[in-house]
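Below is one structure, written out as structure tokens, with a few remarks after it.
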Amino acid sequence: MSMEIYVLSDQKLNSMSDWQSAIDAKGFPLRLSAATPFASSHGALPVVLRDRPSAFECDHWDAKVLMSETPNVAFERSWRYALAFRWGGDIDAGVSAYLAAAAYAAATAGLVLDCTEGKLISPARAAEVAAELENSRALIEEAVRRALEGFRKP
């Protein structure tokens, strides 16, 4: 199962360096890979959360298409840009995606479309979700361990 969030904004950052500066300004423990130019970002984006390597998918999307394909969300206005974030069951990838999205949205005066909540959330709320995920790490890992044990039993 993959998770998705999007940052909707009317401006965009010009580089990974600008994005990293926005992350640093928020004090988030996240480092983006500078190996991929931001303008051509498509697919896995390697990151380091604290001292743990991880990655999430990051793609530039057409905001108008996204809004037209998501009729149950009250967008309240038309946005120019959308930046997509996707990840699977890796907790670090989820935390990283929410932190990166929160910083990007704050730097561009945008909002985060949280597909799980089915609504637009503020950059501050996206940072809170990242903290909630990280604080739930032990519970999530235990649930995954138990589920895997269930598959291994004859």
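These figures come from a predicted structure and were not determined experimentally.
- Side chain of S68 to backbone of V65: a donor-acceptor contact under 3.5 angstrom is found.
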task = Before giving the answer on side chain to side chain contact (heavy atoms under 4.5 Å, CB included), spell out for E4 and F85 the whole-Å C-alpha distance, their side-chain angles and the decisive distance to 0.1 Å.
result = CA-CA 6 Å; E4 289 183 329; F85 299 75; over 6 Å; no
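- Under the 4.5 Å side-chain criterion, counting only non-hydrogen atoms from C-beta, M67 is in contact with S78.
- For the pair R86 and A84, the tightest heavy-atom approach, listed with the atom from each and the gap, is NH2-CB, 3.9 Å.
- Checking side-chain atoms of Q11 against main-chain N and O of T108 turns up a donor-acceptor pair under 3.5 Å.
- Hydrophobic clustering of Ile, Leu, Val, Met, Phe, Trp and Tyr side chains at less than 4.5 Å, counting indirect connections, keeps I121 apart from L111.
- Follow the hydrophobic side-chain contacts under 4.5 Å out from V47 and you reach L99 in the same cluster.
- Proximity of a side-chain donor or acceptor of S9 to a complementary backbone N or O of K12 within less than 3.5 Å is not detected.
- Taking the side chain as every heavy atom from C-beta outward, V95 and F28 never approach each other to under 4.5 Å.
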query = Between W19 and L83, is a side chain to side chain contact (heavy atoms under 4.5 Å, CB included) present by the stated rule, with each step listed?
reply = CA-CA 12 Å; W19 193 1; L83 189 62; 4.0 Å; yes
message = Is there a side chain to side chain contact (heavy atoms under 4.5 Å, CB included) between F56 and D90? Walk through the geometry before answering.
response = CA-CA 9 Å; F56 54 83; D90 178 359; over 6 Å; no
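- The nearest pair of heavy atoms linking A44 to P46 is O-CD, 3.6 Å.
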query = Could you go step by step and tell me if K119 and E76 meet the salt bridge (charged side-chain N to carboxylate O under 4.0 Å, His left out) rule?
reply = CA-CA 11 Å; K119 64 181 181 180; E76 300 171 10; over 6 Å; no
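- With hydrogens and angles left out, the side-chain atoms of Y98 and D114 include a donor and acceptor closer than 3.5 Å.
- No single ILVMFWY cluster, assembled from side-chain heavy atoms under 4.5 Å apart, contains both Y81 and V7.
- In this structure, P29 and D51 have side chains that are not in contact, with every pair of non-hydrogen atoms separated by 4.5 Å or more.
- The closest donor-acceptor contact from the side chain of S54 to the backbone of A93 lies under 3.5 Å.
- Note: the hydrophobic cluster containing L30 also contains L13 (ILVMFWY, side chain heavy atoms under 4.5 Å, direct or indirect links).
- Under the 6.0 Å cut-off for aromatic ring centres, H60 and F38 qualify, their centroids lying closer than that.
- The shortest side-chain heavy-atom distance between L120 and L8 falls under the 4.5 Å cut-off.
- Side-chain contact between R125 and E117: present, with at least one pair of heavy atoms (C-beta onward) separated by less than 4.5 Å.
- Just one of L49, I23, L32, V48 meets the side chain to side chain contact (heavy atoms under 4.5 Å, CB included) condition when paired with S96; it is L49.
- Between M16 and L45, some side-chain heavy-atom pair lies under the 4.5 Å cut-off.
- Taking both residues in full, the closest heavy atoms of A127 and A102 are given as N-CB, 3.9 Å, listed atom of the first, atom of the second, then distance.
- Residue L66 is not grouped with residue V112 when hydrophobic side chains (ILVMFWY) are merged at heavy-atom distances under 4.5 angstrom, including chains of intermediate members.
- Side-chain contact annotation: S41 with D59, donor-acceptor N/O pair under 3.5 Å absent.
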message = Let's go through R50 and R31 carefully: what are the C-alpha distance in whole Å and the side-chain angles of both, what is the deciding distance for side chain to side chain contact (heavy atoms under 4.5 Å, CB included) to 0.1 Å, and is it a yes or a no?
response = CA-CA 8 Å; R50 299 192 198 302; R31 302 289 314 155; over 6 Å; no
